[in-house]
Amino acid sequence: MAKDTRAGLLNAALQTIGELGFAGASARHIATAAGQNQALVFYHFGTVNDLIAEACRTSTEQRVALYRDEFDKASTFAELLTVGRRVHVTEHAEGNVAVLAQLLAGARGNEVVAAAVADAINLWVAEVEKTLHRVLADSPLLPLIDLGGLARAISAGFVGIELLDGIDPAGATRALGSLEQLAVLTETLLTELDNLGPVTSRVVRRKLRPLSP
């Protein structure tokens with residue numbers, strides 16, 4: 001019973017944020033959406049911020065798990081970005097992008113929520129980084145690339161596109177298209193690097209090495 005109550009409040013917190021914004025996510029509104037007494041918010045979570053933080057982490061864990069098989073099947077940059085596009089379309093259609101925008105806004109000056117949002121984004125980063133390790137496993141560039149940094153750059157790019165889509169859908173579509181073009185270019189360059197002679201290959205690696213951490 002208590003588990004069901006907690007789950008209902010967690011779902012209601014995100015629903016309320018999506019409908020009323022972060023500022024409207026009061027204990028009363030969340031409890032009403034869950035069909036519960038607002039005292040249960042404080043009984044189970046201590047504070048509204050702690051409830052929202054747990055809802056953010058729990059929901060993201062569930063969403064990432066939903067796409068994990070697709071990430072695991074991606075073996076090229078292009079396939080990774082195809083997964084990213086599917087995530088973008090689904091999460092936007094289900095209203096999760098609007099919730100993310102509100103959480104990012106609410107995280108400013110709110111350490112509890114900010115930590116939860118950072119943890120949530122890092123769950124996506126971990127999936128992207130794991131895929132990059134697989135995509136670049138046989139590449140001579142692997143030792144020269146900060147895969148953790150690249151995974152964060154890709155994830156941050158998709159977060160930005162998600163937010164842009166709310167105000168400029170055409171611009172978001174163009175941004176996704178450009179990322180896909182970049183993926184094709186990257187794969188072409190990686191293939192050509194393997195075909196370079198030893199002297200040219202050493203020169204390229206020497207140029208890239210200062211960019212690595």
Side-chain angles (χ1 to χ4, degrees), residues 6-7 10-11 13-14 17-18 49-108 110-165 172 175-176 178-180 182-184 186-187 190 208 211-213:
R6 285 179 62 88
L10 291 170
N11 290 333
L14 297 179
I17 291 171
N49 282 337
D50 287 319
L51 164 57
I52 291 173
E54 185 169 337
C56 176
R57 291 188 176 96
T58 301
S59 174
T60 305
E61 287 171 358
Q62 294 169 348
R63 303 309 297 176
V64 170
L66 194 63
Y67 300 104
R68 186 161 287 129
D69 285 347
E70 293 189 56
F71 277 109
D72 288 343
K73 292 175 184 176
S75 59
T76 66
F77 275 107
E79 289 175 1
L80 172 58
L81 289 178
T82 297
V83 175
R85 183 182 280 274
R86 281 200 291 270
V87 171
H88 164 78
V89 171
T90 303
E91 295 301 294
H92 183 79
E94 295 188 6
N96 296 323
V97 174
V99 173
L100 173 62
Q102 288 295 324
L103 287 170
L104 287 169
R108 294 178 62 86
N110 187 321
E111 293 183 0
V112 173
V113 175
V117 172
D119 289 344
I121 290 176
N122 282 333
L123 289 173
W124 291 107
V125 170
E127 290 302 314
V128 174
E129 184 173 356
K130 182 176 66 175
T131 305
L132 288 174
H133 271 286
R134 186 171 58 256
V135 170
L136 295 172
D138 299 324
S139 172
L141 291 180
L142 182 60
L144 306 177
I145 298 175
D146 174 11
L147 292 187
L150 180 57
R152 283 165 176 76
I154 292 173
S155 300
F158 267 98
V159 169
I161 289 172
E162 300 284 7
L163 299 179
L164 178 64
D165 196 44
L176 280 170
S178 293
L179 283 178
E180 289 169 349
L182 182 60
V184 173
T186 300
E187 289 176 7
L190 289 174
L208 289 173
L211 301 179
S212 61

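Keep in mind that this is a model prediction, so the values were computed, not measured.
By the side chain to side chain contact (heavy atoms under 4.5 Å, CB included) test, Leu176 pairs with Arg85, His88, Phe158, Ile161, sequence neighbours left out. Under the rule for a side-chain hydrogen bond (donor to acceptor under 3.5 Å, both in side chains), the partners of Ser75 that lie at least two apart in sequence or sit in another chain are Glu79. For Lys130, the side-chain hydrogen bond (donor to acceptor under 3.5 Å, both in side chains) partners at least two apart in sequence or on another chain are Asp72, Glu127. Partners of Arg134 according to the side-chain hydrogen bond (donor to acceptor under 3.5 Å, both in side chains) rule, which considers only residues two or more places apart in sequence or in another chain, do not exist here. The salt bridge (charged side-chain N to carboxylate O under 4.0 Å, His left out) search around Glu54 returns Arg6, not counting sequence neighbours.
Leu80 and Ala74 get closest at one heavy-atom pair: N-CB, 3.9 Å. Minimum heavy-atom separation, Cys56 to Leu14: N-CD2, 4.4 Å. In terms of heavy-atom proximity, Phe71 sits nearest to Thr131 at O-OG1, 3.5 Å.
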- Message: Checking Val159 against Trp124 for the side-chain contact (heavy atoms from CB on, under 4.5 Å) test, could you report, in this order, the C-alpha distance in whole Å, the side-chain angles of both residues, the deciding distance, and whether it holds?
- Response: CA-CA 10 Å; Val159 169; Trp124 291 107; over 6 Å; no

- Query: Hey, mind stepping through Leu132 and Ile154 against side-chain contact (heavy atoms from CB on, under 4.5 Å) and telling me if it holds?
  - Reply: CA-CA 10 Å; Leu132 288 174; Ile154 292 173; 4.2 Å; yes

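Sorted by first and then second residue, the side-chain hydrogen bond (donor to acceptor under 3.5 Å, both in side chains) pairs with a member in residues 114-123 read Arg57-Asp119; sequence neighbours excluded. The side-chain hydrogen bond (donor to acceptor under 3.5 Å, both in side chains) analysis of residues 92-101, with sequence neighbours excluded, yields the pairs Arg63-Glu94, Glu91-Asn96, His92-Asp165.
A distance of 11.5 Å separates CG of Leu123 from CD of Gln62, quoted to the nearest 0.5 Å.
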Show which side-chain atoms of residues 98-105 pair as donor or acceptor with protein atoms under 3.5 Å away, not counting sequence neighbours.
from, atom 1, to, atom 2, distance (Å)
Gln102, OE1, Phe22, N, 2.9

